[in-house]
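Values below: all heavy atoms of this structure, side chains included; hydrogens, waters and symmetry mates excluded.
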Amino acid sequence: MTMADFANDTIKLLESTERSLLVAEKRKRYDIVVGVPHHAPAGTPTLPCPEHRDSDENAGFLGRYLAERLDCFSLIACNSTIDVNKHLDSDYSKQIFEWRPKILIEIHGHGKFRSKYDVEISCGSADQSANSEELAAIINRKIKNTPMLSGISICGRFSDIYFKATKTLTITNPGWLAYHIELSSRLRKPGNEKPGPPPDLGYRFCDCLADAVEEKY
């Protein structure tokens, strides 16, 4: 099997609406892990877990793309039957502990109903706000070179964001510095609420995010 075949097979897994699985991929950089705990393909708005929580539609495609850009490890929980980053005994959390990264970047999704920003960045506490604000500032500088992203709003100030991730165990763990990054649906989903891959806008944002992470780390 060639690398292209492997990549295509992984994409097919992320497109599945039925199977609950964990997709783990190793690349050159092991100090950074990109995690996506709540992926489901567009058109699957909820996860089959007891909490019946919203899925982060298409977040896995963007998280995997970001990991490829960074050449780092990635971990994507698809159609999960539990809220994996809230349970330290989940396969998702246990794999992160096994890898022991220095930096964890979790990609999430929101519908922009409770947040006024397209992108929110939190490190899980007010004490870590300087880190999330710095990453947001670097991304804002990067997107100035991408005209199609000119209308994207980004905030990393803990006091101003809605999705603070204070109870997310993979984010608040002291073993690594974690970034909880919420992407609005316009970055993740095709128009008209139809199934399909993320729009180019989301991938171009991930290019800027990757450049920002590489600059900072």
If only atom types and distance count, is the side chain of [X] paired as donor or acceptor with the main-chain N or O of [Y] below 3.5 Å?
X	Y	result
S93	V84	yes
R188	H110	yes
S150	P147	yes
E120	F163	yes
R27	C72	yes
N173	L169	no
T146	L149	no
S129	R157	no
H39	L14	yes
N58	K189	no

Worked check of side-chain hydrogen bond (donor to acceptor under 3.5 Å, both in side chains) between E106 and T170: CA-CA 9 Å; E106 277 196 356; T170 52; 2.7 Å; yes
Test side chain to side chain contact (heavy atoms under 4.5 Å, CB included) applied to H108 and L183, step by step: CA-CA 6 Å; H108 296 263; L183 305 180; over 6 Å; no
Where [X] and [Y] come nearest, the two heavy atoms and their spacing:
X	Y	answer
P190	P197	CD-O, 3.5 Å
A212	L135	CB-CD1, 4.0 Å
P48	S80	CD-O, 3.5 Å
G156	S132	O-OG, 2.6 Å
T172	T166	CG2-O, 3.4 Å

K28 and D31: CA distance, side-chain angles, deciding distance, salt bridge (charged side-chain N to carboxylate O under 4.0 Å, His left out) verdict: CA-CA 9 Å; K28 184 176 181 180; D31 59 323; over 6 Å; no
Establish whether [X] and [Y] are linked, either directly or via other cluster members, by ILVMFWY side-chain heavy-atom contacts under 4.5 Å.
X	Y	result
L104	I121	no
I171	V34	no
I107	V23	yes
V36	L177	yes
F61	L70	yes

Hydrogens and angles aside, do [X] and [Y] bring a side-chain donor and acceptor to less than 3.5 Å of each other?
X	Y	value
D118	S153	yes
N131	Q128	yes
D83	H38	yes
E57	T44	no

Ring centroid separation Y92 to H87 under 6.0 Å: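 Ring centres of H87 and Y92 not closer than 6.0 Å.
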Test applied, side chain to side chain contact (heavy atoms under 4.5 Å, CB included); reference residue, L47; option that passes from P37, S55, S20: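 Of all the options given, the one that passes is S55.
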From I154, L209, V119, residue fulfilling side chain to side chain contact (heavy atoms under 4.5 Å, CB included) relative to I143: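 Output: one option passes, namely I154.
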To the nearest 0.5 Å, tell me how far [X] [atom1] sits from [Y] [atom2].
X	Y	atom1	atom2	answer
I181	S122	CD1	OG	10.5 Å
L187	E182	CG	CD	11.5 Å
I161	C155	CD1	SG	6.5 Å
N145	K142	CG	NZ	8.0 Å
R53	T46	CZ	OG1	10.5 Å

Test side chain to side chain contact (heavy atoms under 4.5 Å, CB included) applied to L201 and I152, step by step: CA-CA 9 Å; L201 192 70; I152 298 299; 4.0 Å; yes
K216 NZ: over 12 foreign heavy atoms closer than 6.0 Å: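 Correct, the count exceeds 12.
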Worked check of side chain to side chain contact (heavy atoms under 4.5 Å, CB included) between K102 and V33: CA-CA 8 Å; K102 293 181 180 178; V33 169; over 6 Å; no
Side chain proximity check, D160 to Y117, heavy atoms < 4.5 angstrom: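 Counting from C-beta outward, D160 and Y117 do come under 4.5 Å.
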Check: C123 and Y179 side chains under 4.5 Å, non-hydrogen atoms: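 Answer yes - side chains close enough.
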Of F97, W99, Y217, the residue whose pairing with W176 passes ring pair (Phe, Tyr, Trp, His ring centres under 6.0 Å):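 Exactly one option meets the ring pair (Phe, Tyr, Trp, His ring centres under 6.0 Å) with W176, and it is F97.
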Parallel, tilted or perpendicular: rings of Y65 and Y203 (30°, 60°):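 If you compare the ring of Y203 with that of Y65, the planes turn out perpendicular.
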Option passing salt bridge (Lys or Arg N to Asp or Glu O under 4.0 Å) with D211 (candidates K144, R141, R204, R69):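 Going through K144, R141, R204, R69 one by one, the salt bridge (Lys or Arg N to Asp or Glu O under 4.0 Å) with D211 is satisfied by R69 alone.
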Intermediate values then yes/no, salt bridge (charged side-chain N to carboxylate O under 4.0 Å, His left out), E98 and K94: CA-CA 6 Å; E98 181 179 325; K94 288 191 289 187; over 6 Å; no
Within 45° cone of F158 ring axis and under 6.0 Å: K164 NZ or CZ: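 Judged by the rule (NZ or CZ under 6.0 Å from the ring centre, within 45° of its axis), K164 counts as positioned above F158.
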Stepwise side chain to side chain contact (heavy atoms under 4.5 Å, CB included) check, I32 with I105: CA-CA 8 Å; I32 297 177; I105 301 170; 4.1 Å; yes
